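Single-structure report; data block below.
Please read these numbers as outputs of a predicted model, since none were measured by experiment. In what follows, chains are A, B, ... by sequence order, proteins preceding strands, each numbered from 1. Keep in mind that the numbers below use all heavy atoms, side chains included, and drop hydrogens, waters and symmetry copies.
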Number of protein chains: 2
Amino acid sequence: MPTTVKVYQQVLKEMQQIIKEKELEPGDRLPSERYLADKLKIGRSSVREALRAIELLGLIETKQGEGTFLRDYQSYHTVELLAGFVLQDHNTQREIMEAKKMLEKNAIELAIDKMDDAALESIELIINDDNLTHTQLHDEFFAHIFSYGQNFLLYKIWRFMQDFSKSVKNNTYGIDFYNQIAEILKTKKHHQIYTLYSEQ
Amino acid sequence: MPTTVKVYQQVLKEMQQIIKEKELEPGDRLPSERYLADKLKIGRSSVREALRAIELLGLIETKQGEGTFLRDYQSYHTVELLAGFVLQDHNTQREIMEAKKMLEKNAIELAIDKMDDAALESIELIINDDNLTHTQLHDEFFAHIFSYGQNFLLYKIWRFMQDFSKSVKNNTYGIDFYNQIAEILKTKKHHQIYTLYSEQ
DNA sequence: ATAATTAAGTGGTCTGACCACTTATAATAT
DNA sequence: ATATTATAAGTGGTCAGACCACTTAATTAT
């Protein structure tokens, strides 16, 4: 179907080639925009279209005055971006809130076997921190749990939803809710996780 | 860290706004490049950088002479692209696989109370369809379950991960795995969901 | 009324021009 | 000679304007 391949698409292929040939790794510098335009005999704007596209994906990083660098792909970039658009079509707050809850359960499940006594204590400290607002508590609490879960991708997805929900709705939970989770984490009773949120 | 936000990033935000306000759906036309440039008082090239980026993602479609159109997000576009660039980063892979499993559990949990006998039967049909490869089975199976879960957002996120995993690794499960899930869905024993994948 | 022609609109691409910033080089002061 | 400073070169960020190819709407000729 693509009767005519766009120039920036070719640039992408060319760049893959360059990366492969020169065995470039994350952190390495890519050829400059002007060099690429010159070498491929195309306009710089076309090169930029390609670069901006994969920059948005999180594949490269640009530093003004220095150059363009390959970077470690961070999948959350993509997810964040897509979420931002997909949310528009199916703009159901309900879905976001629901998804957020599911991810919070996931976080607990991932963390439950990775938390030692010190970790559990730090959780308690957050729960009992009187300086935090309800929203801040929720935020800190789960951010902390996610950190033990060791899945940055899930954390970033949750982060997005959490930020979104903050801007839309103020969903607060009583302190019992957090204590209950702390208890589950302590006793490591996985199966109790699914009982959370049930009365929402 | 992003001390200065790039113009094309602003354009993306603006476009999300426009889509939201005008309630645009897949198939609908977006404002033209020249119009956007004029309205936002920026150069057309900056608008194009933004458009080309999300075009690459498969979020929009452009037809020369006609315009730019919103389209249903097809994650395989992204996946294809990433596969070409991402050198099998182990940790990224691990996180995506793990996150995918969690989302599959979520799908089951969301669907469990929404599936009637007919739904359960349709699941059985997929499991016993001999025409499907292992990968296809997994794909269809969970896509189906997600459809009952009624959370399109979670489905889309899973979809991305599933496509990614397909392009990287062939993670297959025995048929028992799916029968086990079908059984859980039938008996509606939520707590058994957490035992899934445990031997992986 | 119908068909052919024209004009207007839209994406695709290139060129050339600045700006802001970083790094390497050259000039200067010590 | 060395250290400091000033300059130049390189790089990404952005814009304006120009064509081209293509589609659609408007106009004109039949």
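Contact annotation: side chain of A:Arg48 to base of D:dG12, donor-acceptor pair absent below 3.5 Å. The base of C:dG12 is paired with the side chain of B:Arg44 by a donor and an acceptor separated by under 3.5 Å. Residue B:Arg34 places no side-chain atom within donor-acceptor reach of the base of C:dG9, judged by atom type and a 3.5 Å distance cut-off alone.
Salt bridge B:Asp163/B:Arg159: present, at least one basic N to carboxylate O contact under 4.0 Å. Salt bridge B:Asp28/B:Lys22: absent, no basic N to carboxylate O contact under 4.0 Å.
Take the nearest nucleotide of DNA chain D for A:Gly65 and for A:Ser45: the residue whose nucleotide is more 5' is A:Gly65.
Between B:Ser46 and the phosphate of D:dG13, there is no side-chain N or O to OP1/OP2 separation shorter than 4.0 Å. The side chain of A:Thr68 places no N or O atom within less than 4.0 Å of a non-bridging phosphate oxygen (OP1 or OP2) of D:dT11.
Among D:dG12, D:dT11, C:dT22, the nucleotide with an atom closest to any side-chain atom of A:Glu66 is C:dT22. In this structure, the nucleotide among C:dC14, D:dT14, D:dA21 sitting nearest to the side chain of B:Gln64 is D:dA21.
One can place CD of A:Glu33 at 17 Å from P of C:dG16, the figure rounded to the nearest angstrom. Between the NZ atom of A:Lys63 and the P atom of C:dT22 there is a distance of 11 Å, rounded to whole Å. Atom C1' of nucleotide D:dT11 and atom CG of A:Leu30 are separated by 13 Å, given to the nearest angstrom.
Contact of the B:Leu196 side chain with the B:Glu104 side chain is not registered, since no non-hydrogen atoms from C-beta on lie closer than 4.5 Å.
A side-chain donor-acceptor contact under 3.5 Å links A:Tyr8 and B:Glu55.
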